[in-house]
Amino acid sequence: MTEITENGSTKVEKPSHFIQNILRKDLDEGKVETIVTRFPPEPNGYLHIGHAKSICLNFGVAKQFGGVCNLRFDDTNPEKESDEYVESIKRDVSWLGFEWHEEIRFTSDYFDQLHDWALELIKAGKAYVCDLSPDQAREYRGTLTEPGKNSPNRDRSVAENTELFAKMRAGELAEGSCSLRAKIDMAAPNINLRDPVIYRIKKVRHHHTGDKWCIYPSYDFAHGQSDAIEGVTHSICTLEFEDHRPLYEWFIANLSVPATPKQYEFARLNLNYTVTSKRKLRQLVDEQHVDGWDDPRMPTISGMRRRGYTAQSLRNFCDRIGVTRSDSVVDVGMLEYCVRDDLDKNAPRAMCVLRPLKVTLTNYPEDKIERLRAPGHPNRDDLAERELPFSQTLFIDVEDFREEANKKYKRLVLGKRVRLRNAYVIEADEAVKNDAGEVVEVKARIIENTIGEDPEDGVKPKGVIHWVSAAENIECDVRLYDRLFNEESPGAGGSDFLQAINPDSLQVLSGAKAEVSLGEAKPESAYQFEREGYFCLDSHYSRDGALVFNRTIGLRDSWAKISQQN
RNA sequence: UGGGGCGUAGCCAAGCGGUAAGGCAGCGGGUUUUGAUCCCGUCAUGCGAAGGUUCGAAUCCUUCCGCCCCAGCCA
């Protein structure tokens, strides 16, 4: 049931989901010749893990069935949109590993056509300019259980509507003073059909069309027709748009569009211990609870990238969670599994001591340095070996030494032995303490002839710990991240989601000691710091001679459970 | 109390009338110079509930219960 992907991470072979079933059926029955989908983000924020699901779905099925997928910016509301977001979205989609068909599309590229179609509706007596203010319109709309009332302007003549719409377009009417509405049914049980607004006045400069327009089409009026223009066959969106489908179909049926795209809905992704709403993510950025949209703790694609998550792991995650119509909350542990799975298979190994404790080898010459060789990966010989300088003084992690411990502790203990990863077995003789009683140095001895061999006296070490030479290493900062929220569902039950922020989501360690080969690390490229976790160089904070590593994710840690039990 | 959806294990999710796949998490064990990886085993007499149809129901019918979405000139 499982197969291995090109780069080795574990991919599960899954039965097809309902979207794939629909596409296969439409292809088989000849309803469509080529699948055309589209990913239609509004450029009003950065993409997050939920968008990744949509991207993988839209681009994924198009590729699977030999079709194409467009990248279209749904930019009908200039008040919230900007080029910064356009650029970040292009970067994120590319990084995720997908290629959009031909050039980038913008809904705003179709504003002329959309305007013509609005005129077409007016001429057919199917749209009218309504003078109701937003507040009045709300009253006229009725409620969930009561029908709405017709606008006093509902029966304006075609001529009058044409003239008023022209004035709207010419900027002669004030924002909010009127709108163009589709004439459908104010008593419809589906509120979206109660004469929805299709054009509104916004005297705002548009990031893509500049000052050409002061009226902008609504999402409902733009989306389906844009799909039709592009020849999109299957317009896949999330569940909250289900109630809009009758409206989507109404425009397609009542306008001279070149194609008849169909809308299908799937459940959006929810992840526990995470927020995936642009509003909340924006708030975290604006109020500086995080360093920006690409803060490594953010569930944005750019944040995860900077954190060290790989595109492959995100794609695998999206494959594993499936595509259905039922609301669900995926355990963030599933995401973490996918990240570890990919990184384990592909990240070169290295050693870095996070909290250094000096070890002096009393039987090792002071001026001697051995150049040991270590594999780049325990089960991959295609990854380059590295050189480890070994010297009289070393650093090990403070957590890896105890003066005394029970049998479960498999690290260095006074009077006992431990294996230094890829090097000698050593035995600890003495703990040197400062005035506060803290261990500041350990005096130990190497056991001769133990590189790649067990000790000749038959006394095997209890465990293996990592180390770095004190003579040659790279001092660096390490940033340890934990989940951004302490609650499974931040903001649940009407509480303030900011109250759920984990105050310890970032811990900065300075003075960590990295092995010299890490001097060649490139930003965002993954390493496993053995026994610690996966790390990558931070793309913002790192400088030549002042390296900063982000912990992407820790190794699975069964010791944590054992040590807590005792 | 209008309309539209959805309920299969702690989580995700197959199943579409023939007797509950798979993954994550968990638990138990094995290998191991990473307490990692890897490997093996275990984990729903049960499919929101109750009736009914049937030789046989998670699948069909009825009723009920729960959860989600919709009253922006947002998308």
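Residue numbers start from 1 in every chain, and the chains themselves are labelled A, B, ... in the order their sequence lines are given, proteins ahead of strands.
- Taking atom P on both nucleotides, B:G2 is separated from B:A9 by 29 Å, rounded to a whole Å.
- The side chain of A:S326 has B:A13 as its nearest neighbour among B:U34, B:A13, B:C74.
- With P as the reference atom, B:C16 and B:C61 are 16 Å apart, rounded to whole Å.
- What separates CD of A:E532 from P of B:U34 is a distance of 15 Å, to the nearest Å.
- Residue A:V330 has its side chain nearest to B:C12 when only B:C12, B:G35, B:C73 are considered.
- For the pair A:N270 CG and B:C6 P, the interatomic distance rounds to 17 Å; values are reported in whole Å.
- Residue A:L144 is in base contact, counting any heavy-atom pair closer than 4.0 Å across all strands shown.
- Residue whose closest nucleotide on RNA chain B sits further toward the 5' end, between A:P217 and A:R141: A:R141.
- Of the residues near RNA chain B, A:S133 and A:H17, the one whose nearest nucleotide (by heavy atom distance) lies more toward the 5' end is A:H17.
- The partner of B:C67, taking Watson-Crick or G-U wobble pairs whose two distances both stay under 3.5 Å, is B:G5.
- Comparing B:G5, B:C12, B:A25 by their closest approach to the side chain of A:M334 singles out B:C12.
- No option in A:D331, A:V330, A:L271, A:L335 other than A:V330 meets the side chain to side chain contact (heavy atoms under 4.5 Å, CB included) test with A:I321.
- The shortest heavy-atom contact between A:Y46 and A:E84 is OH-OE2, 2.8 Å.
- Nucleotide B:G4 is shown with an anti base, its glycosidic torsion being more than 90° from 0.
- Taking the P atom of each, B:C60 and B:C27 are spaced 38 Å apart, rounded to whole Å.
- Considering only heavy atoms from C-beta on, A:T552 stays 4.5 Å or farther from A:T310 through its side chain.
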